[in-house]
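I have placed the structure first, in the form of structure tokens, so that the comments after it can refer back to it.
Here, residue 1 is the first one in the sequence, and each next residue gets the next number. Bear in mind the structure is a predicted one, so any value in this text is a computation, not a measurement.
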Amino acid sequence: MIQRALFAFLASTAAILPAAGANEPAEAQPKWNKPIEPFRIAGNLYYVGTAGLAAYLLTDPAGHVLIDGAMPQSADLIAANIGRLGFRVEDVEIILNNHAHLDHAGGLARLKSLSGARLLASAADRPALESGTVPYRDEYWFFPPVPVDRIVADGEIVRLGASSLTAHLTPGHTRGCTTWTTRVIEQGRPLDVMFACSLTVAGQPLVNDHRYPEAAVDFAGTFARLRRLSADIFLGFHGNQFDLDRKRARLGSDPLAFVDPGELRAQVDRAEAGFQREMERQRSSAAEE
């Protein structure tokens, strides 16, 4: 009873929590949370996030799936965007998260409260979600803790009505970083969609870190795994990382504006190169100590 009351209190006070993350400049936060009009990406998939933080709605007559909650201050904007599209937040049955950091998990408690939905997450990210802190990253800001209703395993398929999403554990950015895939139909064409968990190092120690010593190995395994997958539509959780604004602007004249089968490979190549540079930097720094 006390734990549930604490969850409810923290969710209700989300709007007054700190807005700045450790590796994200404070001046970026207002832009991240700037409202934008929601829109349909393809098939029954919609963008319901903010200007800088992505959240996605997969709709079905049996209920909807919401992917990600952005920051605490973003939750009500996401709920309002769902309403602007003609859907009800109360019809969201399942909430998924890509990883347990403030800017992607901060709004989950509030959205769970508004919808009554079940939150599904990986076992490795569950401790962070339920505590509101990242145990191995002291610099990451607190966010409202949220109870996880069910753990999803690697390769597990989450079904709701005619919709289904597959969980792919892609750790590195967090221990439980989860990439989700689904399929939508646009103009009679089946399209494989990937909601990729973050691939950036973002300050994660890769060398001599006793709290997450396998981080570098996890990143390498994630890059290798993603190279074995394919996607017609690649989506991330910061719009600037996958050219959201340009693709959105093209939707009026091209309903397949988000389709680019080569983007997944390009994203992995770019992320792996950045990882290698950061690994060398950290190794050099460690050698000098």
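- Looking at Thr182, its side chain does come within 3.5 Å of a backbone N or O of Ser164 through a donor-acceptor pair.
- Scanning all heavy atoms of the two residues, the minimum distance from Gln187 to Pro255 falls at NE2-CG, 3.1 Å.
- Between Asp125 and Arg175 there is no salt bridge, since no side-chain N of the basic residue sits under 4.0 Å from a carboxylate O of the acidic one.
- Note: Asn44 CG to Phe87 CZ = 8.5 Å, rounded to the nearest 0.5 Å.
- One N or O on the side chain of Ser122 and one on the backbone of Gly176 form a donor-acceptor pair closer than 3.5 Å.
- Nearest approach of Asp192 to Ser230, heavy atoms of both residues: CB-O, 4.5 Å.
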Q: Just do the side-chain contact (heavy atoms from CB on, under 4.5 Å) check on Val207 and Asp209 with the steps written out, would you?
A: CA-CA 6 Å; Val207 177; Asp209 179 40; over 6 Å; no
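- Between Asn98 and Thr179, the closest side-chain pair of non-hydrogen atoms is not below 4.5 Å.
- Ionic pairing of Glu272 and Arg227 is present here: one or more N-O contacts between side-chain nitrogen and carboxylate oxygen are shorter than 4.0 angstrom.
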(Q) Please evaluate residues Val259 and Phe234 with respect to the criterion side-chain contact (heavy atoms from CB on, under 4.5 Å), reporting the C-alpha separation (whole Å), side-chain torsions for both, the decisive distance (0.1 Å), and the verdict. (A) CA-CA 8 Å; Val259 175; Phe234 178 96; over 6 Å; no
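- Looking only at side-chain heavy atoms (C-beta outward), Phe143 and Leu108 stay at 4.5 Å or farther from each other.
- Taking a cutoff of 4.0 Å between a charged side-chain nitrogen and a carboxylate oxygen, Asp154 and Arg225 qualify as a salt bridge.
- Each of Leu111, Leu77, Leu114, Leu57 was evaluated against Ile82; a single residue qualifies, Leu57, per the side chain to side chain contact (heavy atoms under 4.5 Å, CB included) test.
- Listed for the Thr174 side chain is no donor-acceptor partner under 3.5 Å among the backbone atoms of Gly172.
- Donor-acceptor pairing under 3.5 Å is recorded for the side chains of Thr181 and His168.
- Formation of a donor-acceptor pair under 3.5 Å by the Ser74 side chain with backbone atoms of Ala70 is not found in this model.
- Looking at Arg248 and Asp245, no side-chain N of the basic residue comes within less than 4.0 Å of a carboxylate O on the acidic one, giving no salt bridge.
- Proximity of Glu278 to Leu206: side-chain heavy atoms (C-beta onward) are separated by under 4.5 Å at one or more points.
- For the atom pair CD1 (Ile78) and CG (Asp68), the distance works out to 7.5 Å, reported to the nearest 0.5 Å.
- Ion pair Glu186/Arg189 not flagged as a salt bridge, since none of the NZ, NE, NH1 or NH2 atoms sits closer than 4.0 Å to an Asp/Glu carboxylate oxygen.
- The structure places CG of Leu169 at 9.5 Å from SG of Cys177, a figure rounded to the nearest 0.5 Å.
- The two residues Gly49 and Ile36 come nearest to each other via the heavy atoms O-CG1, 3.9 Å.
- With Tyr56 as reference, Phe237 is the one residue of Trp180, Phe237, Tyr46 to meet the ring pair (Phe, Tyr, Trp, His ring centres under 6.0 Å) rule.
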Q: Show your reasoning for whether side-chain contact (heavy atoms from CB on, under 4.5 Å) applies to Glu130 and Val146.
A: CA-CA 5 Å; Glu130 295 195 335; Val146 56; over 6 Å; no
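- Side-chain contact check for Pro144 versus Arg110: every heavy-atom pair is 4.5 Å or farther apart.
- With contacts defined as side-chain heavy-atom distances shorter than 4.5 Å, the pair Leu58/Leu160 does not qualify.
- Partner of Arg118 under the side chain to side chain contact (heavy atoms under 4.5 Å, CB included) criterion, chosen from Ile94, Val148, Val92, Ile95: Ile94.
- Taken to the nearest 0.5 Å, the CG atom of Asp60 stands 11.0 Å off from the CG atom of Asp91.
- Between the side chain of His173 and the backbone N or O of Leu199 there is no donor-acceptor pair closer than 3.5 Å.
- For the pair Arg150 and Glu156, the salt-bridge criterion is met [side-chain N within less than 4.0 Å of a carboxylate O].
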Q: Give the intermediate values and the outcome of side-chain hydrogen bond (donor to acceptor under 3.5 Å, both in side chains) for residues Tyr47 and Asn81.
A: CA-CA 9 Å; Tyr47 185 92; Asn81 277 346; over 6 Å; no
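- Looking at heavy atoms from C-beta onward, Glu37 lies in side-chain contact with Arg84 at the 4.5 angstrom threshold.
- With salt bridges taken as basic N to acidic carboxylate O contacts below 4.0 Å, one links Glu263 and Lys247.
- Put simply, the side chain of Ser131 gets close to the backbone of Thr133: a donor and an acceptor are under 3.5 Å apart.
- A salt bridge links Arg250 with Asp254: the distance from a Lys NZ or Arg NE/NH1/NH2 to an Asp or Glu carboxylate oxygen falls below 4.0 Å.
- Inter-residue side-chain proximity for Leu191 and Ile185 is flagged as unmet; no heavy-atom pair is nearer than 4.5 Å.
- Taking CG from Leu244 and CZ from Phe39, the interatomic distance works out to 4.5 Å, rounded to the nearest 0.5 Å.
- The shortest heavy-atom contact between Lys112 and Ala117 is CG-O, 3.4 Å.
- No side-chain heavy atom of Thr178 sits less than 4.5 Å from a side-chain heavy atom of Cys197.
- Gln282 contributes a side-chain N or O that, together with a main-chain N or O of Gln204, makes up a donor-acceptor pair within less than 3.5 Å.
- The nearest pair of heavy atoms linking Arg40 to Leu251 is O-CD1, 3.4 Å.
- The minimum heavy-atom distance between Ala109 and Pro145, with the atom names listed, is CB-O, 3.7 Å.
- In this structure, Asp232 does not pair ionically with Arg183, as no charged nitrogen and carboxylate oxygen lie closer than 4.0 Å.
- If you take CG on Leu264 and CE on Met194, they are separated by 4.5 Å, rounding to the nearest 0.5 Å.
- Relative orientation of the His238 and Trp32 rings is tilted, given thresholds of 30° and 60° on the angle between their planes.
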Q: Verify side-chain contact (heavy atoms from CB on, under 4.5 Å) between Val48 and Leu66, making sure each step is shown before the conclusion.
A: CA-CA 9 Å; Val48 293; Leu66 177 64; 3.8 Å; yes
